[in-house]
Amino acid sequence: MTVRVLLCDDHAVVRAGLRALLSSTDGIEVVGEAGSGEEALDMAAGLRPDVVLMDLQLGDGMDGVTATRRLTAAADGHGPRVLVLTMFDTDADIARAVSAGAIGYLLKAERPERLFAAIRDAAAGRTVLSGSVADRVVSRMRAPGPALTPRERDILGHLAQGLGNREIARALFLSEATVKTHLSRVYTKLGVRTRAAAVAAATRHRLLPDGWEAP
């Protein structure tokens, strides 16, 4: 059985390299190339690939997570399998991709043989993760922290940088009242009463957005 693959990456050189690489192995056929999330949706509807190889960062348009969610929700759950292939392995990116319905998450540093096997596994409905990604997932499962929304994590990250409510509101284009409401919910979830305690708890549970560091 030949696995039909649609490539989605906003870099033409990367797409060309992937097409050449995948064409070097038997049982995998690249049926199309998309340079944006919107294009991937349109092409998938017509080409009906078995697997969409999806990057997460797709320029100014629809991102890979949104495209993944729409692809996997298509045709009453009978859409293509989405295998993320990206350079990014942050906890936030992994969680968003998996929540959106991606069946696998691979890093672009993987060896070609691993990529070939992952595409075949994805087509067969088997979950595929790069080794380092699997380690991060297991680590998070062993020490889960309170569930915060993406907006709450953003606000907590700014809080960790020492910003006041007014500065956070300005940075995130929110009202101060909205920031206060989010912070109140964060305090409740973390079981704390002060800003310093919230930052300490967030650091302990690894809840700060990737790239943020408490001073």
Exercise. Could you give all pairs that pass the salt bridge (charged side-chain N to carboxylate O under 4.0 Å, His left out) test and reach residues 6-15, with sequence neighbours left out?
Worked result: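 Passing the test, one end in residues 6-15: Asp9-Lys108, Arg15-Glu33.
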Exercise. Counting distance only, does the side-chain N/O of Arg193 pair as donor-acceptor with the main-chain N or O of Ala198 below 3.5 Å?
Worked result: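 Such a contact is absent between Arg193 side chain and Ala198 backbone.
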Exercise. Ignoring hydrogens and geometry, is there a side-chain-to-backbone donor-acceptor pair from Gln161 to His158 under 3.5 Å?
Worked result: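 Such a contact is absent between Gln161 side chain and His158 backbone.
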Looking only at non-hydrogen atoms, find the nearest pair between [X] and [Y] and report the distance.
{"X": "Tyr105", "Y": "Phe88", "result": "OH-O, 2.5 Å"}
{"X": "Ser36", "Y": "Cys8", "result": "O-SG, 3.5 Å"}
{"X": "Thr68", "Y": "Gly64", "result": "OG1-O, 2.7 Å"}
{"X": "Pro80", "Y": "Pro49", "result": "CB-O, 3.3 Å"}
{"X": "Met54", "Y": "Ala67", "result": "CE-CB, 3.7 Å"}

With a cut-off of 3.5 Å and sequence neighbours excluded, list every side-chain donor-acceptor pair involving residues 165-175.
unit_1: Asn165; atom_1: OD1; unit_2: Arg195; atom_2: NH1; d: 2.9
unit_1: Arg166; atom_1: NE; unit_2: Glu176; atom_2: OE2; d: 3.3
unit_1: Glu167; atom_1: OE1; unit_2: Gly164; atom_2: N; d: 2.8
unit_1: Ser175; atom_1: OG; unit_2: Thr178; atom_2: N; d: 3.1
unit_1: Ser175; atom_1: OG; unit_2: Thr178; atom_2: OG1; d: 2.8

How would you list, by chain and number, every residue that makes a salt bridge (Lys or Arg N to Asp or Glu O under 4.0 Å) with [X], sequence neighbours excluded?
{"X": "Arg126", "answer": "Asp121"}
{"X": "Glu38", "answer": "none"}
{"X": "Asp50", "answer": "none"}

For this session: For Thr181, check side-chain hydrogen bond (donor to acceptor under 3.5 Å, both in side chains) against everything at least two apart and list the hits.
Result: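 side-chain hydrogen bond (donor to acceptor under 3.5 Å, both in side chains) check on Thr181 returns nothing, list empty.
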Exercise. In chain order, what residues pass the side-chain hydrogen bond (donor to acceptor under 3.5 Å, both in side chains) check against Thr25, with sequence neighbours excluded?
Worked result: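 So Thr25 forms a side-chain hydrogen bond (donor to acceptor under 3.5 Å, both in side chains) with Arg120.
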Exercise. Do Leu56 and Met87 come close enough that some side-chain heavy atom pair is under 4.5 Å?
Worked result: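 The answer is no; the side chains never approach within 4.5 Å.
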Non-neighbouring partners of [X] that pass side-chain contact (heavy atoms from CB on, under 4.5 Å), sequence neighbours left out:
{"X": "Thr2", "result": "Glu29"}
{"X": "Ser23", "result": "Arg19"}
{"X": "Ala197", "result": "Val192, Thr194"}

Exercise. If you round to the nearest 0.5 Å, how far is CD of Glu39 from CG of Leu58?
Worked result: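 The CD atom of Glu39 is 10.5 Å from CG of Leu58, to the nearest 0.5 Å.
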Exercise. In Å and rounded to the nearest 0.5 Å, what is the CD1 to CZ distance from Ile155 to Arg185?
Worked result: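 So the gap between those two atoms works out to 9.5 Å.
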Problem set entry | For Ile119, the rest of its hydrophobic cluster, which grows through side-chain links under 4.5 angstrom |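 Ile119 shares its hydrophobic cluster with Val3, Val5, Leu7, Val14, Leu18, Leu21, Leu22, Ile28, Val30, Val51, Leu53, Leu83, Leu85, Leu106, Leu115, Phe116, Val128.
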Could you pull out all donor-acceptor pairs under 3.5 Å where a side-chain atom in residues 94-103 meets a protein atom, sequence neighbours excluded?
unit_1: Arg96; atom_1: NH2; unit_2: Asp63; atom_2: OD2; d: 3.0
unit_1: Ser99; atom_1: OG; unit_2: Ala95; atom_2: O; d: 2.8

For this session: Output, in order, the C-alpha distance, side-chain angles, deciding distance and verdict of side chain to side chain contact (heavy atoms under 4.5 Å, CB included) for Val179 and Leu183.
Result: CA-CA 6 Å; Val179 171; Leu183 281 177; 4.0 Å; yes
Problem set entry | Pair Gln57, Thr86: side-chain N/O donor-acceptor within cut-off below 3.5 Å |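 No, Thr86 and Gln57 have no side-chain donor paired with an acceptor closer than 3.5 Å.
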